[in-house]
Amino acid sequence: MSFQHVAIIGLGLQGGSIGLAVQACLPGVITTGYDRDPATRARAAERRLVQTVCETASEAVAGCDLVIFCVPLSAMGMAAEKVREALPAHALVSDVGSSKQVVAKALAEALPGHTVIPAHPVAGTENSGADAGFAELFRNRWCIVTPPPQTNLVKLSELVAFWEALGANVEIMDPEHHDLVLAVTSHLPHLIAYTIVGTASDLEEVTQSEVIKYSAGGFRDFTRIAASDPTMWRDVFLSNKDAVLTMLQRFTEDLTALQRAIRIGDGETLFNHFARTRATRRSIIEEGQDDARPDFGRADHSSAAD
């Protein structure tokens, strides 16, 4: 792994975890960081999320050979523009955003002439901010790298090696395909969780607090997902709207079919559907992407928000 100086812009869950993971897994690599929130910068310095917390983004990227933008999707272009003059010409530019086509375009337009290789570590929790990061966040999790056409293969291999050094399993994927896959596996589930928890909140008065009081495991897991950073998820849905709307339409059709099966008493359809989805859950556990412990394996740090 050839990077000697990694700059991190945005020191919340993802950025903070990268900084801690680099220090733990790549102790010889210099880490600098910046966050536009002074309170976050102060807390990041206290926790030593990076070796040096800088007062400006330009100061953070000076001399770096890899910069990773860990900011909301809507802020990617603006954050990149702020470091344009100070960013070394040889530095590789990457990010951690959950929607890749929009990010690739924003970073490439803001930093012309630089090598931009977007990436998405599929790891997170419902927590956010400088206190949320931990070095093990990416261990045994997938990191999807989405290189644009004609990407420098040496730079690509260096970025892959970087994420592997932090403990991640790396997959190379086309940006458009990434956005479609994540719309199914992450974005739509979060939208459903936000909707269900919102519905339960609306019903609180009717049910005299019983929705919250008697929450079973399934609803608790929905509330965990729905506790994710609202700014991040607003940006995800707006930036990946085409893929999300496509998946939402398919989900609506499937939900209508189940609604009909319940209405007409079609137990066979319901059983077959539940059996098929149960097999999917077992496959996820077998792949090592979750476990079968009580409370959905969430007793400690684990992946929730992407």
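Bear in mind the structure is a predicted one, so any value in this text is a computation, not a measurement.
Two residues are said to be in side-chain contact when any heavy atoms from C-beta on lie closer than 4.5 Å; Cys143 and Val160 fail this criterion. The shortest side-chain heavy-atom distance between Leu258 and Leu270 falls under the 4.5 Å cut-off. Phe162 is listed as a side-chain neighbour of Leu26, based on a closest heavy-atom distance under 4.5 Å. Counting heavy atoms from C-beta outward, Thr32 and Val50 have side chains that stay 4.5 Å or more apart. When side chains are defined from C-beta on, Ser58 does not count as touching Glu85, because their heavy atoms never get closer than 4.5 Å. Side-chain atoms of Leu166 and Trp163, non-hydrogen and from C-beta on, do get closer than 4.5 Å to each other. Within the 4.5 Å cutoff, no side-chain heavy atoms of Leu238 are placed close to those of Ser74.
Crowding of Arg234 atom CZ: a count of heavy atoms from other residues, nucleotides or ligands under 6.0 Å exceeding 12. When the shell of 6.0 Å around CD of Glu176 is examined, it contains 12 or fewer heavy atoms from other residues, nucleotides or ligands. Remark: Lys82 NZ is loosely packed, at most 12 non-hydrogen atoms of other residues, nucleotides or ligands lying under 6.0 Å away. Shown here is Arg43, whose CZ atom has more than 12 heavy atoms of other residues, nucleotides or ligands within 6.0 Å. No more than 12 heavy atoms of other residues, nucleotides or ligands lie within 6.0 Å of CD in Glu268, so this atom counts as exposed by the packing criterion.
When all heavy atoms are compared, the tightest approach of Leu180 to Ala243 is CA-CB, 4.1 Å. When all heavy atoms are compared, the tightest approach of Pro147 to Thr151 is CB-OG1, 3.4 Å. Scanning both residues, Leu49 and Gln23, for their nearest heavy atoms gives O-NE2, 2.9 Å. Of all heavy-atom pairs between Asp95 and Pro118, the closest is OD1-CA, 3.1 Å. When all heavy atoms are compared, the tightest approach of Arg48 to Leu20 is O-CD2, 3.7 Å. Annotation for Ala110 and Gly77: closest pair CB-O, 3.7 Å, computed over non-hydrogen atoms.
A side-chain donor-acceptor contact under 3.5 Å links Ser17 to the backbone of Phe134. A donor-acceptor pair is defined here as one N or O able to donate and one able to accept, closer than 3.5 Å; no such pair exists between the side chain of Arg47 and the backbone of Gly16. In terms of modelled atom types and a separation under 3.5 Å, the side chain of His273 and the main chain of Thr269 share no donor-acceptor contact.
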| task | Just do the side chain to side chain contact (heavy atoms under 4.5 Å, CB included) check on Val67 and Val83 with the steps written out, would you? | result | CA-CA 10 Å; Val67 56; Val83 305; 5.6 Å; no

| field | Steps toward side chain to side chain contact (heavy atoms under 4.5 Å, CB included) verdict (Ile18, Cys70) | value | CA-CA 9 Å; Ile18 293 172; Cys70 305; 3.9 Å; yes

| task | Please step through side chain to side chain contact (heavy atoms under 4.5 Å, CB included) for the pair Thr31 and Gln51, ending with a clear verdict. | result | CA-CA 5 Å; Thr31 55; Gln51 292 167 345; 3.3 Å; yes

| request: Could you check Val181 against Val184 for side chain to side chain contact (heavy atoms under 4.5 Å, CB included), going step by step and ending with a plain yes or no? | output: CA-CA 5 Å; Val181 170; Val184 179; 6.0 Å; no

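At a threshold of 4.0 Å, the pair Lys100-Asp174 does not count as salt-bridged, since none of the basic side-chain nitrogens sits closer than that to a carboxylate oxygen. Salt-bridge formation is not detected for the pair Arg260/Asp266: no Lys NZ or Arg NE/NH1/NH2 atom is positioned less than 4.0 Å from an Asp or Glu carboxylate oxygen.
The distance from atom CG of Leu156 to atom OG1 of Thr146, rounded to the nearest 0.5 Å, is 10.0 Å. Separation of atoms SG (Cys25) and CD (Glu136) is listed at 8.5 Å; rounding is to 0.5 Å. Between atom CD1 of residue Ile264 and atom CD of residue Gln259 there is a gap of 11.5 Å, rounded to the nearest 0.5 Å. Separation of atoms CG (Leu11) and CZ (Arg41) is listed at 9.5 Å; rounding is to 0.5 Å. One distance of note links OG1 of Thr52 with NE2 of His5; it measures 7.5 Å at 0.5 Å rounding. Between the CG atom in Leu111 and the CZ atom in Phe69 there is a gap of 5.5 Å [rounded to 0.5 Å].
For Ser239, the side-chain contact (heavy atoms from CB on, under 4.5 Å) criterion is met by Leu73, Ser99, Val102, not counting sequence neighbours. Here Ala75 pairs with Val71, Pro72 under the side-chain contact (heavy atoms from CB on, under 4.5 Å) rule; sequence neighbours left out.
Tracing side-chain contacts under 4.5 Å through hydrophobic residues (I, L, V, M, F, W, Y), one reaches Val96 starting from Ile172; they form part of the same cluster. Both Leu153 and Leu159 are assigned to one and the same hydrophobic cluster, defined by single-linkage of ILVMFWY side chains at heavy-atom distances under 4.5 Å. Under the 4.5 Å side-chain contact rule for hydrophobic residues, Val53 and Ile30 do not share a cluster. Leu255 and Ile262 fall into different hydrophobic clusters, defined by Ile, Leu, Val, Met, Phe, Trp and Tyr side-chain heavy atoms under 4.5 Å apart, directly or through other members.
You'll find the ring centres of Trp233 and His187 inside the 6.0 Å limit.
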